[in-house]
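Position 1 is the first residue of the sequence, and the numbers go up from there.
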Amino acid sequence: MASSQCPTDRNFIVVDFHYNGTFPPNPLVYFDPDRQSVRDVDFSAFDYEEFMEFLQKLTRSRSKDIYFCLPQESLSQGIHTLVNDGDYKEFLDLTYANERRMNVYVDQYNEPIFEWIEEEENEDQDYSCEEDEDSVLSDTYSVDHEEDDAEYPFPATKTMGDRGC
């Protein structure tokens, strides 16, 4: 593994690794993981393969399905794959640009995460379309108003507190 001879604080990021958990769908979350936060490694000195070796030693397992997501984003909105050097560069760029912290998720079960996200988005769109139709007032509905001078079947001087007839 490559490491910087004299790493500076600006090279260090905090990576929160989540592993040995599962991804249940709708809403997409990572359930019951082991977690490890690493803040004393200069990940900018790694390439993708070195990062994967580090991850394998950290989690004591090998998985080809690795994802990353900024801490302030939901998984279904912000998850990215990490499968090559280009993805690893994007991972570093996003981390440095966003408070130097990132979540990494290991999927040991090769779940169809992006299919689940697409299904979840389709369900949300279907629901929001139905909701919009019902919740918007339309000009096609007419409302009958009572006349201001209408006679009411009870005296106007009575209040709710009056019990008498």
Side-chain angles (χ1 to χ4, degrees), residues 1-139 141:
M1 275 187 244
S3 63
S4 175
Q5 293 291 351
C6 183
T8 64
D9 285 343
R10 65 183 170 84
N11 290 346
F12 286 92
I13 59 177
V14 178
V15 181
D16 297 314
F17 291 95
H18 307 264
Y19 55 98
N20 293 333
T22 57
F23 283 104
N26 206 8
L28 183 65
V29 294
Y30 196 64
F31 183 70
D32 198 27
D34 292 330
R35 294 183 183 107
Q36 185 135 5
S37 187
V38 176
R39 58 185 73 239
D40 59 350
V41 174
D42 181 5
F43 288 105
S44 66
F46 288 5
D47 64 13
Y48 170 74
E49 291 298 324
E50 292 168 323
F51 179 80
M52 294 302 289
E53 288 175 25
F54 175 86
L55 182 60
Q56 181 180 357
K57 288 178 183 176
L58 180 77
T59 63
R60 295 184 186 99
S61 67
R62 192 176 234 351
S63 178
K64 67 176 184 160
D65 292 337
I66 310 298
Y67 305 97
F68 64 94
C69 186
L70 291 168
Q72 66 270 20
E73 292 185 351
S74 70
L75 286 174
S76 61
Q77 295 296 315
I79 199 164
H80 301 266
T81 57
L82 188 54
V83 296
N84 58 35
D85 282 316
D87 293 339
Y88 187 68
K89 182 181 179 334
E90 180 184 18
F91 161 78
L92 290 174
D93 290 345
L94 285 171
T95 305
Y96 284 115
N98 291 280
E99 300 177 20
R100 298 182 346 176
R101 186 171 203 121
M102 186 65 73
N103 289 313
V104 171
Y105 299 90
V106 179
D107 178 15
Q108 287 90 355
Y109 303 105
N110 301 20
E111 299 290 359
I113 292 171
F114 291 102
E115 290 175 23
W116 291 344
I117 291 172
E118 188 174 321
E119 289 172 11
E120 190 175 320
E121 288 173 351
N122 289 338
E123 287 175 13
D124 288 346
Q125 286 175 351
D126 291 344
Y127 179 73
S128 67
C129 288
E130 291 172 13
E131 184 179 307
D132 288 346
E133 290 173 7
D134 293 339
S135 65
V136 174
L137 291 177
S138 172
D139 291 337
Y141 294 114

For residues Ser63 and Ile66, report the shortest heavy-atom separation together with the two atoms involved. O-CD1, 3.6 Å

Contacts of type ring-ring contact (aromatic ring centres under 6.0 Å, His included), residue Tyr30, not counting sequence neighbours: Phe23, Tyr105

To the nearest 0.5 Å, how far apart are NE2 in His18 and CG in Asp34? 11.0 Å

Counting the benzene-type ring for Trp, do Phe91 and Phe43 have ring centres under 6.0 Å apart? no

Any residue meeting side-chain hydrogen bond (donor to acceptor under 3.5 Å, both in side chains) with Gln36, in chain and number order, not counting sequence neighbours: none

Between Asp47 and Glu50, is there a side-chain heavy-atom distance shorter than 4.5 Å? yes

Between the main-chain N or O of Ser61 and the side-chain N or O of Thr59, is there a donor-acceptor pair closer than 3.5 Å? yes

For the CD atom on Gln56, are there more than 12 heavy atoms of other groups (residues, nucleotides or ligands in this structure) within a distance under 6.0 Å? yes

Short N-O contact, Arg35 and Asp16, less than 4.0 angstrom: no

Tyr109 vs Asp65, side-chain contact (heavy atoms from CB on, under 4.5 Å): CA-CA, chis, key distance, verdict: CA-CA 8 Å; Tyr109 303 105; Asp65 292 337; over 6 Å; no

How many angstroms lie between OG1 in Thr95 and CG in Asn103, if you round to the nearest 0.5 Å? 9.5 Å

Closest contact, heavy atoms only, Val41 versus Phe46: CG1-CZ, 3.7 Å

Here the pair of heavy atoms bringing Thr81 nearest to Phe68 is O-CE2, 3.4 Å

Mind checking the CZ-CZ spacing from Arg100 to Phe12? Nearest 0.5 Å is all I need. 9.5 Å

So CZ of Arg62 and CD of Glu53: to nearest 0.5 Å the spacing works out to 7.5 Å

Is any side-chain heavy atom of Val38 closer than 4.5 Å to a side-chain heavy atom of Asp40? yes

Here the gap from Leu70 atom CG to Arg101 atom CZ, rounded to the nearest 0.5 Å, amounts to 12.0 Å

Non-neighbouring partners of Tyr19 that pass ring-ring contact (aromatic ring centres under 6.0 Å, His included), sequence neighbours left out: none

Not counting sequence neighbours, list each pair that qualifies as a side-chain hydrogen bond (donor to acceptor under 3.5 Å, both in side chains) and has a residue in residues 83-94. Lys89-Asp93

If you compare all heavy atoms of Leu55 against all heavy atoms of Phe17, which two are closest, and at what distance to 0.1 Å? CD1-CD2, 3.4 Å

In Å, rounded to the nearest 0.5 Å, how long is the span from CE of Met102 to CD1 of Ile13? 7.5 Å

Tell me which donor-acceptor pairs under 3.5 Å the side chains of residues 72-80 have, and how far apart each pair is, sequence neighbours excluded?
{"from": "Ser74", "atom 1": "OG", "to": "Gln77", "atom 2": "N", "distance (Å)": "3.3"}
{"from": "His80", "atom 1": "NE2", "to": "Gly78", "atom 2": "O", "distance (Å)": "3.2"}

Only counting residues at least two apart or in another chain, list the ones meeting side-chain hydrogen bond (donor to acceptor under 3.5 Å, both in side chains) with Ser44. Asp42

Over all heavy atoms of both residues, which pair between Ser37 and Val14 is shortest? Give the atoms and the distance, please. OG-CG1, 3.5 Å

